[in-house]
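Note: hydrogens, waters and symmetry copies are ignored here, and every other heavy atom, side chains too, is used.
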Amino acid sequence: MTSAEIFVDLHRPYRKKYISKDAPEGDLFGDIGWRHRNRFLSNGLINEAIKGILTLGYFASTITQVVGIDIDNHRNYSDGWLLNIYSQVVERFGAYPSVLVRSPRGLHAFWYLTQPYSTEIIIDYTKERLQGLLNFIDIRPDVNNALRIP
């Protein structure tokens, strides 16, 4: 199984759109930022993102088997602050994440579930569980908000 196949099996991304971090097409001097792509998120693209060749984000489909938490340090607090928020999230879940990835501004934590659930139900449950921390974290991906492919 390739890395992309494993990613698709675990994350169940919505494959008909994604986001990419790059300059606008045909504009060599354009602002580099996240751009929505209404194209198929192929295994080849996913493999390139996993290898670090491309920077891509994926959206959740309506059914998911993963809980994703994005902890960003937008105000440049110390790493201790970031780890404190992470520790509170872990404590509230009662389990360490299946995968923890350093992002450019923080951490992305993923908990793989034993079976698929409605993405909406997972997000509602997670919001309830993380009450009081929602100003410091984002629950991602969902059907409207993407998260960088780890």
Side-chain angles (χ1 to χ4, degrees), residues 1-22 31-43 45-52 54-150:
M1 227 179 191
T2 67
S3 297
E5 290 169 332
I6 293 168
F7 176 84
V8 168
D9 188 49
L10 291 172
H11 291 256
R12 299 173 181 254
Y14 181 71
R15 304 286 296 267
K16 293 183 180 179
K17 68 178 178 178
Y18 61 93
I19 59 173
S20 63
K21 192 165 190 173
D22 51 23
D31 179 36
I32 294 177
W34 289 104
R35 311 257 186 250
H36 284 262
R37 304 290 183 202
N38 290 316
R39 300 179 190 147
F40 184 72
L41 179 59
S42 68
N43 284 2
L45 288 170
I46 293 169
N47 270 327
E48 289 188 4
I50 291 169
K51 291 177 183 176
L54 296 174
T55 303
L56 303 177
Y58 73 102
F59 294 87
S61 59
T62 56
I63 301 295
T64 190
Q65 201 163 337
V66 65
V67 176
I69 302 295
D70 181 8
I71 307 169
D72 278 337
N73 189 356
H74 293 290
R75 297 188 181 184
N76 293 322
Y77 293 131
S78 70
D79 283 345
W81 177 89
L82 189 65
L83 292 174
N84 180 35
I85 299 298
Y86 166 73
S87 294
Q88 290 181 61
V89 170
V90 168
E91 184 178 323
R92 303 256 184 108
F93 274 137
Y96 287 100
S98 307
V99 174
L100 181 65
V101 180
R102 178 83 175 171
S103 69
R105 290 179 296 185
L107 300 169
H108 293 170
F110 300 95
W111 285 262
Y112 297 128
L113 308 174
T114 56
Q115 63 187 41
Y117 294 92
S118 158
T119 300
E120 187 176 317
I121 289 171
I122 291 298
I123 289 171
D124 289 345
Y125 173 82
T126 303
K127 283 180 180 178
E128 185 179 303
R129 194 53 91 104
L130 299 179
Q131 196 74 21
L133 294 175
L134 297 175
N135 290 332
F136 308 111
I137 62 143
D138 291 310
I139 303 163
R140 296 216 174 148
D142 62 29
V143 295
N144 296 311
N145 299 289
L147 184 64
R148 180 188 304 256
I149 294 174

Reported CD1-to-CZ distance for the pair Ile50 and Phe7, which is rounded to 0.5 angstrom: 6.5 Å

Do you know the tightest heavy-atom contact between Asp72 and Gly106? OD1-N, 4.1 Å

Among residues two or more places apart or on two chains, list those pairs meeting side chain to side chain donor-acceptor pair (under 3.5 Å) that have a residue in residues 91-101. none

With side chains defined as the heavy atoms from C-beta onward, is the minimum distance between Ile137 and Asp70 less than 4.5 Å? no

I need the Arg140 CZ to Phe59 CZ distance, nearest 0.5 Å. 9.0 Å

Say you draw a straight line from OG1 of Thr126 to CZ of Phe93; how long is it, rounded to the nearest 0.5 Å? 4.5 Å

Would you name the heavy atoms of Ala146 and Ile19 that are closest together and state the gap between them? CB-CD1, 3.5 Å

Could I get the full list of side chain to side chain donor-acceptor pair (under 3.5 Å) partners for Asn47, not counting sequence neighbours? none

Would you give me the side-chain donor-acceptor pairs under 3.5 Å for residues 60-68, sequence neighbours excluded?
from	atom 1	to	atom 2	distance (Å)
Ser61	OG	Arg12	O	3.1
Ser61	OG	Ile63	O	2.7
Thr64	OG1	Val66	N	3.2
Thr64	OG1	Val66	O	3.3
Gln65	OE1	Arg12	NE	3.2
Gln65	OE1	Arg12	NH2	3.0
Gln65	NE2	Leu113	O	3.1

Please say whether more than 12 non-hydrogen atoms of neighbouring residues, nucleotides or ligands are located less than 6.0 Å from OH in Tyr125. no

Quick check: does any side chain N or O of Trp111 sit under 3.5 Å from a backbone N or O of Ala95, one acting as donor and the other as acceptor? yes

Which distance, rounded to the nearest 0.5 Å, do you find between the OH of Tyr58 and the CG of Leu45? 15.5 Å

Can you tell me which residue pairs pass the ring pair (Phe, Tyr, Trp, His ring centres under 6.0 Å) test with a partner in residues 70-91, sequence neighbours excluded? Tyr77-Trp81, Trp81-Phe136

Check whether more than 12 heavy atoms from other residues, nucleotides or ligands sit under 6.0 Å from atom CG of Leu134, and answer yes or no. yes

Ser20 vs Leu54 side-chain heavy atoms within contact, under 4.5 Å: no

Can a donor-acceptor pair be found, under 3.5 Å and without considering hydrogens, that links the side chain of Arg15 to the backbone of Leu41? yes

Looking at residues at least two apart in the chain, or sitting in another chain, which of them share a side chain to side chain donor-acceptor pair (under 3.5 Å) with Gln115? Tyr117

Using the side chain to side chain contact (heavy atoms under 4.5 Å, CB included) definition, which of the options Ile85, Leu133, Asp138 pairs with Ile71? Ile85

Is any side-chain heavy atom of Glu120 closer than 4.5 Å to a side-chain heavy atom of Ile123? no

Look up atom CZ in Phe110 and atom CG in Leu10, then write down how far apart they are to the nearest 0.5 Å. 10.5 Å

Atom pair NZ/CG of Lys127 and Asp124 - distance to nearest 0.5 Å: 6.5 Å

Return the set of residues passing salt bridge (Lys or Arg N to Asp or Glu O under 4.0 Å) with Asp79 (not counting sequence neighbours), or none when no residue passes. Arg102

Sub-4.5 Å side-chain heavy-atom contact between Ile139 and Arg129: no

